[in-house]
Amino acid sequence: MLLEVSGITTGYGPTIVNRGVSLTLGAGEVATILGPNGAGKSTLLRTIAGLVKPRAGTVRFGGSDATGQPPDVMAKRGVVLVPEGRRIFGDMTVEENLRLGAYARRDSAAVDADVTLMENFFPILATKRRDKGGSLSGGQQQMLAIARGLMARPRVLLLDEPSLGLSPLLVKEIQAIILSIGERFGASVLLVEQNAGLALSVATRGYLMQTGQIVTSGPIEELRDMSLMRELYLGGAAVAS
Amino acid sequence: MGTLEISGLRKQFGGVVALAGVDLTIEEGEILGVVGPNGSGKTTLFNVITGVHKPTAGRVTWRGADITGLAAHAISRIGIGHTFQQAMAFPGLSVFENVQIASEHCRHARNEAYPWPSPDALLSFVGLQDLRREIAGIMPFGNLRLLGLALALASRPTMLLLDEPAAGLNDKETAKLVDLVKQLPGHGISVCVIDHDMNLMQRLCRRLVVLDFGSKIADGPTAEVLNDPKVLEVYLGGAL
Amino acid sequence: DDTGNTVKIGVVAAESGSFVSAGHTLPAGVSLAVKEINDAGGVKVGDKTYKIELVKRDDRTDIGTAVAATQELVRDVGVKAIFGSESHDFTLAMTKITQPAKVLHFAGNSTLDTILTDASVAPGGADHYLFQTEPREFQRSGSTARGVLSLLQPMVDHPIKKSVIIAGNDATGQFLSSYYIKALKAEGQEVPDIIFYPPDTTDFSPILTRAKSLNPDVVHFWYNGDSTLTALPQAVELGVAPSYFLFGVDPGIWKERSLSADVPVAMSCVPVCWGESSNPKAKAYFQSYFAAGAPKGVTSSVSLLYYDYVHVLAEAWTKAGSFDPDKVVDALMTLHHKGVVSDDLSFNAHHQVTHATEVCAAKPGGDITCSMQQPPADAPM
Amino acid sequence: MEIFIQQILNGLSIASVITLIAVGVTLIFGLTGIINFAHGEFLMVGSIVTWLAVSNGWGFPLALCAAVVVVAVMGFALERGLFRFTLDLPTNGFIVSLGLIVVLQHIVILFWNANQKSIPHPLTKVWEVGGVRIAAVRAMVIIVTALVVTLTFFVITRSRYGRALRASVEDRDTAALMGIPVRRYITGVFVFGSALAGLGGALLIALFPITPFTGGTIVMKGFAVALIGGLGNLTGAVAAGLILGIVEGFSAGYGLSQWTDAYSFALMILVLLIRPQGLFGGTSGPRIT
Amino acid sequence: MKTPFRTILPTLVVLVLLATVPWLSPTNRILSLAITAGINIVALYGLSVLFGQTGILSMGHAALMGAGAYAATILARDLGVGFWLAIPLSALVAAAIATIVGFPSLRVGGHHFVILTFAFGQLLTIILTNGGDFTGRATGLDLQAPLTLFGMDLSPLPRFYLLVLGFVALSAVASWAIVHSRYGRTLRAIRENEKLAASLGIDVGRHKIGAFVVSGLFAGVSGVLLTYFLRHISPTQFSSFPSIYLALMVMIGGARLLLGPLAGGILVAFLPEMFNLDPVESRILYGVCLIAVILLLPNGLIAGLLDGWKRLFGRRPASSPAAASRSSVSGG
Ligand SMILES: Nc1ncnc2c1ncn2[C@@H]1O[C@H](COP(=O)(O)OP(=O)(O)OP(=O)(O)O)[C@@H](O)[C@H]1O
Ligand SMILES: Nc1ncnc2c1ncn2[C@@H]1O[C@H](COP(=O)(O)OP(=O)(O)OP(=O)(O)O)[C@@H](O)[C@H]1O
Ligand SMILES: CC(C)C[C@H](N)C(=O)O
Ligand SMILES: [Mg+2]
Ligand SMILES: [Mg+2]
């Protein structure tokens, strides 16, 4: 397994957020974590990326221990988080944002090529290359955040609600991009999504998280039809796909 | 005559034309949807109406009075409330205090149908009554969205502009939101909503406006607009 | 009998904070005098002999602390006299405490001139127990001006006619220079400009260039000592004038730091010079002063504004035969003391001393000559 | 006329000293978000080290190097030991620096007393060109400043590193997610800024005598220049330093000299009101709440 | 309301305890330092409204104190105005100056405001220094006016102490009333998120200036007390260092809790008294203590002690506001 999380417990101050969470992610795989608001999905991703120190449990990456490593080390090793809420560098230009994504890389020629690649994925980024990140529309910022994450050429990409604020057209494109990440970038994806349609259509495996714990997991087809899933997550409505 | 009338509204940021002359009317008691590709000018439209940005050209009138370019707080005080695309609250204060502050600055009591006499009533309406003592800044995202809605409602608006209220919510939470928003016209609050979730828009709005590159490219009943080939092409990328 | 036989006096001065380089001279000078008196057996008052106990308080260059220290010394410790502080607005606030409490107060701030009036020093007046240990400013300015010009004239080869004053824009600078300009004019000098600099100035070149444009024969740097020594090398670099005068800089520090200039430089000391004095007593004084551990500063001689007056006070106690403040004031008013600064230290009707001022001048080669100048009797018009 | 040219030169020389301080301030304040009011005391320590070294017979160049090294090491220790615990609350860092001011000043006083200290000018030559006098020390300071600023400009704005620094001050967590070793960079900038303070201190005592309190009065000018030019912006610091130097020189030289500081404060107020981001734009610095 | 009243109770208790001090035969040094501290605390309560509630830090606050002090002195000198009338008049003068400074400065936020207030403070000192006979130049002004209440002389230290304590109590109550009023909530809203505040009908600019002016009122009163205590004032007392120290006191004590200014003012005034050392060594230790306090109790003395108390005695500590405002979801 490329990424193995076992028994992770996290919290902020006196509150415990995750309790003994375990999950795995294979090479080239796309897995998704689903769960209601406040379940602790983002916290788990932040823990894997090194932003939150776990109180218990271990994170293993590529066969070696990576528990509690700082985020820059994780990024250098290839674990990259596209954080919730975009976190664009608003005072810096779009291109600077992109290049920052590749900060840990040393192959500057390939970085240039990747900037072009991202601009092909999201043509608006080319148009706005010299504009400040902060002046972008919400959806444009989301594209930039995803592109910035890809610029690192990660081995594991942690995506926290990537479809947030994107137009239906772009959600479809994102869907395609996620599906191609495995072969194009040789990376695995751990996806947290509220747009169940998107999550269920790209992932092969899913975890259902509730109040900080994994309550169910399994192949996506099984998960899709579970009643708990419907109850917790979909509010009984039909899944749009 | 509509409550809020917009004519020839134009906004430029340097060379970027975010709004290229938009005409739009929001009627009393309706829930109007605004959709469009990312960067098409939807948020800018709201920002110009609510006084965050001054328009480059054009006029906004509210019940016949010119309100173009009024400051943000003044707009709120005449009864036009709004929520932000990035969910916002006063992070260091309790949920209750958040709503309390928001309810203290309206200068108008024209909306007789306004049903929430106290911050707590509002919190029950959005379903946050149990979290009233929680510090807003550490609530999960979904609750923050609901709080944002409560804050906007607390300022006793007669019109509410919602910018992507369902972003970050799952289907279950979205359903709850739809439920809430649908009640608003009954309480004397007209609504204009931006969102990329067509499911939501279909359930919420009878009329839809589509922006593209800062111009209105469609305006009509939701079902018709969503089948407009132009809209399919630039926005939906094919049938739903 | 030890406990009954001590009398307490206090010093309030900046022993830390930004005024410390001038402030530390006070406790050093006073301690030295107290030690001398005690070593000689103590003060005889009436038929008893008392040792003097010195209570030092640091004002931390903060007026609130200075006031609290004074309250403590006056009310808690019960000192009979207070010395300090050298910061004149602190002193003014301190007098508001010492005077109602009838505690003798000695301070070397010439600005006290503004409050020491016939009415205020009269018995029952607001400042009856306040004494200024610095001559009246017209006297110091007058003797200084005369001394500077007479020492410098032989060292330059043309008549000295034009003087420019450069003064710090603080209380002392503003007050002193207003007298000095009159004194220079009374000596026949043309004074085209007096240039004030903000107290924190380090780069004087614009001001000096401005002075240079007036073609002065002498540029007078008029307090404070640190700024003066900062400015002088810059003036020399710019070739501002054919001679300079530094107020309140001891020749001792000039030699200590091996300073030099390519033109003659006059220095005046407050009140007599450390380093190269024409006054033999001063030499001995500074020897024991530094031997007691005081650091060598730009204005180490300021300690003499306090040292002599501890002896004066002791003499007055003996003479009055009592510590009763009113009797001591009467004794002080008639006393003539042989001090370091002068063989005849006495207070005038306004509780101010009068003494000569010493001015020295360093030739470009390094030789320093000094001379005492008697103060003028009357203020110039 | 030569007086006028002389005044321009004076302004330039004032500007170079201010700029050198401002560069340190603008880097530390603008790129790490640490509000180090004790920067002036770092400078003073640099001067004291130089003074000690020169008094012990070292040559000035060697003494200068010693000052740079000592202050850099001190900066390293203080950043690791104190400031890093205040990174999330810049105002607390500010209090720490106020405490440091008191501590550093009085440690120096404790060991070497409060009196003014000076060293002989390392260069004594004064050139006279048509009535205008140029002192070699001042020329040296101007040249060293120019060199250092250019070098710094090269290092800091070398796109990758500079970008990473600006990103770090804007959003530390996200910058770390990009693989930027934020903590290490912050330390690096702090140490570099401290080294500049050491250098500034050495040059300062080459020009003027100093006291343990000299730093406090100069550092405000550094902050003023950093803000006028735009935080973290080197070009801005240089331009603003020049402007402030010239304004100060001319107001002291031609205006009501006792109002000199008033002119520079008024200028600063004016610039910040008209262009809050500074003349050349910069980072938005730490959030103060 | 019941709950907010609980928040003023500890402060009132402390003040009542402090009121007994003159009967414990304190030394006059202590009394005198306490008076100086109390005078500062009056100003600190104003700063706590500005900084603690509105999130704006002023580093020119001593200058506003100076405005009050000079106003009172000049009023007494030229118009024979006594202490009790000088209090409101000088407070108004300080508030007026705060308005003049606030209008332009508050257009820019954050650290720019800090530096601007600092610059304005310096400017005011320079004006006082060069103001001719009217302001007494660098020498400053003497105050002659007596201080009486119903014919009783208030200048003896214990009485003056009680007078100052009375003003401290008044300012604490005033500051508490502001914090728990609608107005206080409005200010907090601005501190937390200006954009959102504006969208809810709050005139952000006006309220920020308002808060600055209110803090100016406190500073003005404190200036009057100072001049009646020292009876001599000069520009340097109101220059940059006093201003910086006021800011430091409010942060050390903690600006958001009512006991904060009290704690900050007392700590900074009495900390140096605790060391019976040589002056220079005691200064060093003082600096070290400042650093230690702020590193160990980053939210100020009082908040830190409260947290410690709660941790020791079980109750869940209040989530620190600092952590909250860094959470990713906040705006502003
Ligand atoms: N910085 C923080 N400090 C304290 N508590 C926090 C912080 N961030 C999150 N929490 C708490 O941790 C819990 C889990 O939050 P998290 O953001 O991980 O949930 P989530 O599953 O990602 O929810 P969402 O779907 O809304 O994004 C929440 O109850 C939240 O209040
Ligand atoms: N402050 C600004 N400065 C410069 N350009 C801006 C600014 N705000 C918005 N724009 C630009 O204006 C255009 C419209 O932006 P707007 O935020 O209105 O889009 P939107 O329709 O809300 O998009 P989304 O659905 O992604 O939120 C975008 O191209 C954006 O980059
Ligand atoms: C220090 C001295 C030069 C000042 C002098 N004692 C005075 O106040 O007049
Ligand atoms: Mg989340
Ligand atoms: Mg938008």
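Nothing here was measured: the structure is a model prediction, and the numbers come from that model. By convention in this document, chain letters (A, B, ...) are assigned in the order of the sequence lines, proteins followed by strands, and residues within each chain are numbered from 1.
- Listed in order of number, the residues of residues 10-22 of chain B that approach chain A to under 4.5 Å between heavy atoms are Val16(B).
- Residue Leu166(A) touches chain B through both its backbone and its side chain, counting heavy-atom pairs closer than 4.5 Å.
- With hydrogens and angles ignored, the 3.5 Å screen pairs a side-chain donor or acceptor of His196(B) with a backbone N or O of Gly165(A).
- Summarising the geometry of Val234(B) relative to Leu169(A), their closest heavy-atom pair is O-CD2, 3.5 Å, with the distance given to 0.1 Å.
- Other residues, nucleotides and ligands contribute only 12 or fewer heavy atoms inside 6.0 Å of the CZ atom of Arg206(B).
- In plain terms, the two heavy atoms of Gln140(A) and Asn38(B) that are nearest each other are NE2-O, 4.0 Å.
- The CZ atom of Phe141(B) sits 9.0 Å away from atom CD of Gln194(A), with the distance rounded to the nearest 0.5 Å.
- With chain B as the partner, the residue from Ile124(A), Leu136(A), Leu164(A) showing the most heavy-atom pairs under 4.5 Å is Leu164(A).
- Contact of Ser167(A) with chain B is made through backbone and side chain together, with heavy-atom distances under 4.5 Å.
- Gln183(B) CD: more than 12 foreign heavy atoms inside a 6.0 Å radius.
- Considering CG of Asp171(B) and CG of Asn195(A), their distance stands at 7.0 Å, rounded to 0.5 Å.
- Of the inter-residue distances, the one linking Gln86(B) atom CD with Gln141(A) atom CD reads 6.0 Å to the nearest 0.5 angstrom.
- When all heavy atoms are compared, the tightest approach of Pro140(B) to Asn37(A) is CB-C, 4.1 Å.
- Heavy atoms of other residues, nucleotides or ligands lying less than 6.0 angstrom from CZ of Phe213(B) number 12 at most.
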